[in-house]
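Scroll down for the structure; my scribbles are underneath it.
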2 protein chains.
Amino acid sequence: MSEQQRPPRRVTLKDVAKRAGVSHQTVSRAINDKGEIDPETRRRVLEAARQLNYRPSRFARGLVSPGATTLGLVVSDVENPFFPELIAGVIEAAEERGWQVLISSTQNHSGREPDVIRTLAAQADVVIGYLSAPDDTLAAAAGGLPLVVMGRAVGEPAFGAVEVDTDAGVRAAVAYLVARGHRAIGMIDCGDDGQPDRRPAFVAAMAAHDLTVTDDLIAEAELTVEGGAAAFTHLRTTRPDVTAVFTFNDMLALGVYRAARRLDVRIPDDCAVIGFDGLPLGELIDPPLSSVALDKRRMGAIAVAEAARLLAGEPAGRAVLPVELVIRGSA
Amino acid sequence: MSEQQRPPRRVTLKDVAKRAGVSHQTVSRAINDKGEIDPETRRRVLEAARQLNYRPSRFARGLVSPGATTLGLVVSDVENPFFPELIAGVIEAAEERGWQVLISSTQNHSGREPDVIRTLAAQADVVIGYLSAPDDTLAAAAGGLPLVVMGRAVGEPAFGAVEVDTDAGVRAAVAYLVARGHRAIGMIDCGDDGQPDRRPAFVAAMAAHDLTVTDDLIAEAELTVEGGAAAFTHLRTTRPDVTAVFTFNDMLALGVYRAARRLDVRIPDDCAVIGFDGLPLGELIDPPLSSVALDKRRMGAIAVAEAARLLAGEPAGRAVLPVELVIRGSA
DNA sequence: TTGTATGCGTTATCAG
DNA sequence: CTGATAACGCATACAA
């Protein structure tokens, strides 16, 4: 479907110049509103430009004088409610610096990350992304282009990173549940593809309370609402004694809600639920979802700041995004 | 906050050439993997390039041979759940054509549209957007750049447009409510800023059933969840006989839900609700929200197709996006 | 006020 | 296989 229409040759400054009967330099003056030009000449030139539908070449301009910095942004799925806030944060931070944002999505196929990065690299000065490919794969794709990874730790020293303080968040969630008397706490984890640090963080947090997490306390779910529902149903079958669940993220928690309704399990009375991410939609459901909340907007802003550092030639940094346990109605 | 770091002069082909002891042309060959080059020379050049951290200038490249088409996308608020799907549709459609997407947001300030468009125009080959500024304002900002407007009708013949079949949707919604026995049907409208066609469509649809819409049947709301709640509370006070409401969009419907809970009004028993937009989150709430649904993803795809037409020099088109009344639990 | 000449970094053409 | 040389479209000294 890659249609390329033969460009009927651009209209250039010279074309306008010829039409207006002046030199291309004069046209440049008129177009860019430089002072030193006769108003009448200017009018004529502008008119000629309009007639020819002249538009300056951004390439030629960029070549002559560095234009705005362009930042490439890679996300995995624009429709996943996790990302809009992140994207908004990036766009705003970029705009504050006068940067432009080139966005692209891997459409939930992390294998496409290298490709997407390579494509972006051709047009962007720096790339930031919520990336899950291994460091060396990313490095190869970026090929020297400054890169900032959000949402996880990175090993590659050249990359900037905005990590998430998962441990602290999960610890707070577990501590809260334990304080409320829960002992049999399950987790709905996601298969792969996602951050692999949530589960160990959960296990460690439980251990801190002398609670052992046996395998049957963890149900793996596909990363969709229905996946969460299925996992909870499964968990509820194998471990009917579970009185609370921590989910990999809010989307899976939504699945828990759905399954709970089917199973006639009341939240939070029969089973407490704590999610992860702190999506705004958690407030809309009933009961409102408690969650380990991330300031995704801020994550985006930090990533942009990190990108600016890299661009300035400063050494890559490792920012850590704090998290906050937000207790609403579900736990 | 507009920091510009002094670019320490780019590393160019010539720098690499000097370092590798070859001509800049040979470097070009090595970089672009052209065949005609000695493997050893190539290795040396690539090594030099790596050491210097050389990266080709997209401007110079673009100047010499037209690179990928860049599409500018303007939305008013990335976090508004209406847009992510639209954006996803645009990104996917663009990618299918090998285009790149430059995104920017007016951050709910429609007055910024001209500025945003002007900025985008410097880097994009065509711009599409969910725009509410008057046609002539947009035309001035675009300055000859091909422009596609989504979500409303346009007068300017040069613009592409993706309109929404609001009338049909509202007609279906009202017909449905009337068929269910409702007579006193209210509307939660939004002040300004939004599409101004929803309200007249409602009035007309009601008239088709010999129902007159008096002013007290319409409550104006600020375009937020709380705004919707306040408006419903007001409507419910002035017209307690109302048994159904049509809301300007789903977000306002969410507000109706919130207010209904406070007022102890049951949905749909005490009052039926039909929203507009068909946001996915409508499925998550209880009862699931009935809505006049738009295929936002498709809207984006159509807009991109329209952009391609304009770029190809074809005359601007007027696509109409069909809508669908989706009945879930709230009506 | 206007025109001429130069260079920005690449790629392409055409010699060597 | 490699190296000059010429565009690409524009902006900016500098000259007229």
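Predicted model only: the values in this text are computed from it and were never measured. Order of the sequence lines sets the chain letters (A, B, ...), proteins ahead of strands, with each chain counted from 1.
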Do A:Val74 and A:Ile103 make a side-chain contact, defined as non-hydrogen atoms from C-beta onward lying under 4.5 Å apart? no
Pairwise 5' ranking along DNA chain D for B:Thr41 and B:Leu63, keeping only the more 5' one: B:Thr41
Name the nucleic acid region contacted by B:Leu13, choosing base, sugar-phosphate or nothing; use a 4.0 angstrom heavy-atom cut-off, strictly under. base
Heavy-atom side-chain contact between B:Arg58 and A:Asp125 under 4.5 Å: yes
B:Arg112 CZ to B:His109 NE2 distance, which is reported to the nearest 0.5 Å: 8.0 Å
With a 4.0 Å limit, can you tell me whether B:Lys34 has a side-chain N or O closer than that to the phosphate oxygens OP1/OP2 of D:dT2? no
Sub-4.5 Å side-chain heavy-atom contact between A:Glu95 and B:Ser105: no
Check the distance between D:dG3's P and B:Asp38's CG and give it to me in whole angstrom. 11 Å
Heavy-atom side-chain contact between A:Phe83 and B:Val78 under 4.5 Å: no
Please report the distance, rounded to the nearest Å, between OH in A:Tyr54 and P in D:dG9. 10 Å
Ignoring backbone atoms, test whether B:Arg61 places a side-chain nitrogen or oxygen under 4.0 Å from the OP1 or OP2 oxygen of C:dT11. yes
So does B:Pro56 get a backbone contact from the side chain of B:Arg10, meaning a donor-acceptor N/O pair under 3.5 Å? yes
Computed from five pairs at either end and rounded to 10 degrees, the angle between the axes of the helix from C:dT1-D:dA16 to C:dG16-D:dC1 is 40°
Given that B:Pro39 and B:Ala60 both sit by DNA chain D, which one's nearest nucleotide is further toward the 5' end? B:Pro39
Testing the 3.5 Å rule here: is there a donor-acceptor pair between the side chains of B:Ser132 and B:Glu113? yes
What is the distance, to the nearest angstrom, from the CZ atom on A:Phe59 to the C1' atom on C:dT10? 12 Å
Any side-chain heavy atom of B:Ile302 within less than 4.5 Å of one from B:Leu321? yes
Side chains of A:Val45 and A:Val16, heavy atoms from C-beta outward: is any pair under 4.5 Å? yes
Would you mind classifying the nucleic acid contact of B:Ser57 as base, sugar-phosphate or nothing, using non-hydrogen atoms under 4.0 angstrom? sugar-phosphate
Under 4.0 Å, heavy atoms only, any strand: does B:Arg58 hit a base, just the sugar-phosphate, or nothing? nothing
At less than 4.0 Å, is any side-chain N or O atom of B:Arg10 found next to OP1 or OP2 of C:dG9? Yes or no. no
Just to verify, which of B:Leu138, B:Leu73, B:Leu120 counts as forming a side-chain contact (heavy atoms from CB on, under 4.5 Å) with B:Val127? B:Leu120
Using whole Å, report how far NZ of B:Lys14 lies from P of D:dT5. 12 Å
If you check every side-chain atom of B:Pro56, which of D:dC1, C:dT10, D:dC10 has the closest atom? C:dT10
Are OP1 or OP2 of C:dG3 and a side-chain N or O of A:Ser23 less than 4.0 angstrom apart? yes
Once you round it to whole Å, what is the distance between P of D:dC1 and CZ of B:Arg44? 14 Å
Expected list for residues 24-32 of chain A near DNA chain C, using heavy atoms below 4.0 Å, is A:His24, A:Gln25, A:Thr26, A:Arg29
C:dG9 C1' sits how many Å from B:Lys18 NZ, rounded? 14 Å
